[in-house]
Amino acid sequence: MKSESTENKVRGFLNKIKREDGKIKAFLHLNEKAVDEAKEMDRRAGGGKGKMGRLYGKVIGVKSNINVKGMICNCASKTLENYRSTFDACVIEKIKKEDGIIIGMTNMDEFASGSSGENSAFGATENPIAKGRITGGSSSGSAAAVAAGFCDMSLGSDTGGSIRNPASHCGIIGVKPTYGRVSRYGLIDLSMSLDQIGVFARNSDDAILLMDVIQGRDERDTISEDFGEIKIESVGKLNAGIIEVDGVDKKIIELFNKKVLEFREKLKWGFKEVEVKHIELAVQTYYPLVYVEFFSGTRRFDGRRYGKRIEESCGKEVLRRILGGSEITRAEFRGAYYKKALEVKDLIKKEFEEVLKKFDCLLMPTVPCLPWKIGEGKKMKIEEIYAADALTIPANLAGICAVSIPIGKIDGMPVGMQIICGKGGEGKMLSIAREIEGL
Ligand code: GLN
């Protein structure tokens, strides 16, 4: 029998949200039916007699680019300001089937374009741990909601780091699955060849549970694949590769190295530095792909079927991508940008495949810098902002899985480390995360 009813739990979360979220801005829209849904579930559970799904008792926040029937799915954009979803995304169907409760839709960078949360048309989300600072992005509200204790876990999307980056800044776990492991049906895409839906949680057990529920082949997303159940095993002695990286804040490197030393002593793993040469091209490779795919994807926001015409209603970063994407598309007959970028993407993918033959997992920091003060992003050069994803983009380009786990704080600001495994390697990756969590 459960110690606390789901109803009470949902009421507790909603009260906390009412008290604290005015400042944090993690949610854009709450599920008015959440309490009733919880009551109904408790009734069905009958104090332990009824057979309930795996997510019974779990309360989940959803990024505002994932369709949840009847809820506002506006991508934190004026373009889709009052748009209500008419259907459930595949991941939402799965969550509902397992009796999870959706508590609300979270804030984000507009159309998932950004890495700080400052590009939301409805105001930046504040970091609940490092006050006055960004949460990271683009899944800013989903990360903040979990870190602030507004729900148990949440869904985000990760195209170039949008789950791992805010997980790192908020001190929680953020999983970016292998490309294709989770159906993108019902996700409003940023860049369809890179997007993946993934999860945030405060502990690895919750992350593993939600990942296992949402994953799997779905015929409505043709690139989705079945990789089998996410099995957690004792990892034993393994070989970890430490990826050499440049341009990372010295304090972050120090903390990262200290952690690696601790693993070496306590876990007796083998560690070796490893070079992945082409990852320094990751950011330059990523943006042409995103611009072009985003430009093409946004042509449906022409103001005729739903919402407003995107060019007339979106913010600066989204407009930059649309105009940039249109330019590149026009110049593409020479194969100058998009095709080149695809070639480098392939190089990076192959390099990771080779390196991952020699190691069980790869480790590196998640974000090269600490979360800046809200508003500072507006003064930064676009190259500086884009550089915040330099360490997360490589896994998206390679199509492999990666998780950010918390490793401590610097001046009160959380810092994360990535564990990267090969295609379909979530079982091993999350087993490693769990083992580290237990140290
Ligand atoms: N910050 C990156 C971008 O702006 C990543 C976004 C994402 O992963 N959705 O494109």
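The first residue of the sequence shown is numbered 1, and numbering continues consecutively from there. In each ligand, atom 1 is the first atom listed, and ligand 1 is the first ligand listed.
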Name the residue from Leu289, Ile279, Val344 that meets the side-chain contact (heavy atoms from CB on, under 4.5 Å) definition with Leu397.
Leu289
How far is atom 2 (C) of ligand 1 from its nearest protein heavy atom, and which residue and atom name does that atom have?
Asp389 OD2, 3.0 Å
Run the side-chain donor-acceptor check on residues 240-253: report pairs under 3.5 Å with partners two or more places apart or on a different chain.
| residue | atom | partner | partner atom | Å |
| --- | --- | --- | --- | --- |
| Asp249 | OD1 | Lys251 | N | 2.8 |
| Lys251 | NZ | Asp411 | OD2 | 3.2 |

With atoms numbered from 1 as shown, which atoms in ligand 1 lie under 4.0 angstrom from a non-hydrogen atom of Gly161?
8 (O)
Looking only at atom types and distance, does a side-chain atom of Ser431 sit under 3.5 Å from a main-chain N or O of Gly427, one as donor and one as acceptor?
yes
Can a donor-acceptor pair be found between the side chains of Ser120 and Asn107 at a distance below 3.5 Å?
yes
Is there at least one pair of N or O atoms, one from Ser157 and one from ligand 1, spaced under 3.5 Å apart?
no
Report, in ascending order of atom number, the atoms of ligand 1 lying under 4.0 Å from any heavy atom of Gly114.
1 (N), 2 (C), 3 (C), 4 (O), 6 (C)
With respect to Val290, determine whether any N or O atom, backbone or side chain, lies less than 3.5 Å from an N or O atom of ligand 1.
no
Ligand-residue contact atoms, ligand 1 with Gly160, heavy atoms, under 4.0 Å
5 (C), 7 (C), 8 (O)
So for Arg321, does at least one of its heavy atoms come nearer than 4.0 angstrom to any atom of ligand 1?
yes
Atom 9 (N) of ligand 1: closest protein heavy atom, distance to 0.1 Å, is Ser162 OG, 2.7 Å
Judged by heavy atoms only, the candidate from Tyr386, Tyr287, Phe111 nearest atom 3 (C) of ligand 1 is Tyr287
Is it the case that ligand 1 has an N or O less than 3.5 angstrom from some N or O of Asp158?
no
State whether a side-chain donor-acceptor pair under 3.5 Å links Ser113 with Glu317.
no
Under 3.5 Å, side chain of Asn67 to main-chain N/O of Phe87, donor-acceptor pair present?
no
Working note: Trp372 + Glu118, criterion side chain to side chain donor-acceptor pair (under 3.5 Å); need CA distance, chi angles, decisive distance, verdict.
CA-CA 11 Å; Trp372 55 80; Glu118 292 167 298; 2.9 Å; yes
Would you kindly specify which portion of Leu190 sits under 4.0 Å from ligand 1, judged on non-hydrogen atoms: side chain, backbone, both or neither?
side chain
Provide, to 0.1 Å, the distance between atom 5 (C) of ligand 1 and the closest protein heavy atom, together with that atom's residue and name.
Tyr286 OH, 3.1 Å
Any idea how Phe27 and Phe150 line up, ring-wise: parallel (<30°), tilted (30 to 60°), or perpendicular (>60°)?
tilted
